[in-house]
Amino acid sequence: MPSHSIYIAAMQGVEAEDAWAVHSEARKRWRAGEKDLIVLSVGDHDFTTDERIVDSAVSSLRAGHHHYTPSIGLVPLREKIAAFHSKRVGEPVGPENVAVVPGAQCGVFTAGLAVLDPGDHVIAFDPMYVTYYGALIARGATLSQVPLHPENDFLPDMEEVRAALRPETRAMVINSPNNPTGAVWPKETMEVIADFCREHDLWLISDEVYCTMTYEQPHHCPRLIEGMKDRTMSVYSFSKSHAMTGWRLGWVVADPKSIEAIEMVMGSMLFGSPPFVQEAAMTALDAAEDTVDSIRELYRHRRDRVCEGLAAVPKIKLRKPDAGMFLMLDIRETGWNAIDFAWKLLEEQKVSLLPGEGFGKMLEGHLRLSYGASDETLDEAARRLSAFIQKHG
Ligand SMILES: Cc1ncc(COP(=O)(O)O)c(C=O)c1O
């Protein structure tokens, strides 16, 4: 057999496999019928997509919309996304600034292909959403991860960012609101990041998939900062905001030249997202736009409930998230290593949480809990966690 590419080898070398193994095992047991398991190690909703959106896809299919579409999306969808961005993010843009992609995952991958060359270097952070690594090295770039310290509320220290700079640095990738930390980077942080990118002529790939799910702190899109529109590719998704994870649809907002570059990439890789998915997305953006607010309010309620439920558990510090659907539990005081803790918790209490190492070294001693579950499930998870700490903590 001929050999596989160096890309596959690099992916296999990624640390954190042990952390994700806990989740894989939980899923395996769930599929095998262990229904008393509580799986809070994945970022998906426990409910289905709004009926109005589903009906729209069904009608589109019934109407015979079964054909190819433009590589970066139907123009009416790009127009609606531009209007949504103008309203929700606060930046007036037109369809020429929008490329529809099959999910934010693909958005980051495509942005990387559009702006990076082999040998380029990208500054990323630790913790980091796990798939950026594969998405950004695909083009032959290398990645450095600047630590985000828990003691600094997972905000970047610019001295450390500066130290990561190399002559071949071409881009930076950021994620605010953040998965897994739930941190929202304040305006001042965005401004220093923007200054840095301008000073060193870098592209900024900004993953903003949780931008409609902020609770107390407002989201700040770096494109709003002067001089950033032509160097920032902001990535969004219908997955979380509209509970459409399995539909695979997202978008990138960028300057028209970058959108053209994405169009070239998408033309050679996808050839257009399914028309019925795009028509459903149009319904999501107009007739069903209220889902965005109801989903945010549901998750605000769940965040508060799970934080309340866990507040009295000794030796666990909660990092109350400002956004998104994940809560970080700091278990360093228990003396446990997070991977061992997660395995034992799965064995004894049948609760699956994700060890922080799944996102980088900075999250050793932390566990990520997804509150994409009902009140009853979250209450029961809190009870089981409390019993576990009483026994072992
Ligand atoms: C930070 C972040 N970026 C990207 C994605 C991928 O989103 P999509 O489903 O749109 O590909 C996720 C999904 O969990 C995420 O948490």
Side-chain angles (χ1 to χ4, degrees), residues 16 19-20 23 27 39-46 48-49 53 73 77 81 84-85 98-113 122 124-136 138 145 148 154 172-185 204-214 219 221-222 233-253 262 266 269-270 273-274 277-278 280-281 284-285 292 295-296 299 321-328 354 356 358-360 363 368-373:
W20 287 92
H23 174 63
R27 278 202 358 190
V39 182
L40 302 181
S41 43
V42 66
D44 205 342
H45 308 281
D46 58 320
T48 52
T49 306
I53 302 173
L77 174 58
I81 289 173
F84 183 84
H85 185 84
V98 175
V100 174
V101 290
Q105 184 53 50
C106 181
V108 173
F109 197 102
T110 309
L113 290 183
V122 181
F125 293 90
D126 172 356
M128 173 178 84
Y129 182 61
V130 67
T131 57
Y132 293 162
Y133 185 78
L136 296 168
Q145 286 181 257
L148 298 174
F154 298 108
M172 180 187 280
V173 59
I174 63 172
N175 171 216
S176 172
N178 190 272
N179 173 13
T181 66
V184 176
W185 287 10
L204 183 61
I205 299 174
S206 173
D207 178 343
E208 300 168 39
V209 305
Y210 295 99
C211 73
T212 60
M213 292 173 77
T214 58
H219 169 61
C221 172
M233 303 171 103
S234 288
V235 181
Y236 304 92
S237 173
F238 288 93
S239 289
K240 310 297 164 99
S241 56
H242 294 81
M244 294 175 72
T245 53
W247 297 69
R248 309 312 303 133
L249 212 66
W251 66 94
V252 179
V253 173
I262 290 179
M266 296 311 293
M269 125 196 249
L270 175 77
S273 291
V277 172
Q278 294 189 64
L285 292 172
V292 172
I295 286 173
R296 184 191 55 247
Y299 278 94
D322 289 322
M325 56 196 296
F326 305 106
L327 167 67
M328 292 303 307
L354 200 67
F359 300 92
L363 284 181
R368 189 191 75 169
L369 180 155
S370 160
Y371 41 96

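Read the numbers this way: they start at 1 and go in the same order the structure lists the ligands and their atoms. All of these numbers come straight from a predicted model, not from anything done at the bench.
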- Task: Quick one: do Y210 and N175 satisfy side chain to side chain donor-acceptor pair (under 3.5 Å)? Show the steps, please.
- Result: CA-CA 9 Å; Y210 295 99; N175 171 216; over 6 Å; no

- Message: What does the 4.0 Å heavy-atom contact list look like for ligand 1?
- Response: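 Within 4.0 Å of ligand 1, the protein residues are G103, A104, Q105, Y129, N175, N179, D207, V209, Y210, S237, S239, K240, R248.
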
- Message: Please verify the inter-ring angle class for F125 with W185; under 30° counts as parallel, over 60° as perpendicular, anything in between as tilted.
- Response: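 Ring orientation of F125 relative to W185: perpendicular.
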
- Task: Indicate the ring-plane relationship of H85 and Y236, choosing parallel, tilted or perpendicular according to the 30° and 60° boundaries.
- Result: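 Plane angle over 60°, so perpendicular.
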
- Check: Y129/N178 side-chain N/O donor and acceptor closer than 3.5 Å: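 No - no donor-acceptor pair under 3.5 Å links their side chains.
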
- Query: Which residues satisfy the side chain to side chain donor-acceptor pair (under 3.5 Å) test with S41, sequence neighbours excluded?
  - Reply: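 Partners of S41 under the side chain to side chain donor-acceptor pair (under 3.5 Å) test: H23, S352.
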
- Query: How far apart are the C-alpha atoms of S234 and E208, what are their side-chain angles, what is the distance that settles it, and do they pass the side chain to side chain donor-acceptor pair (under 3.5 Å) test?
  - Reply: CA-CA 7 Å; S234 288; E208 300 168 39; 2.7 Å; yes

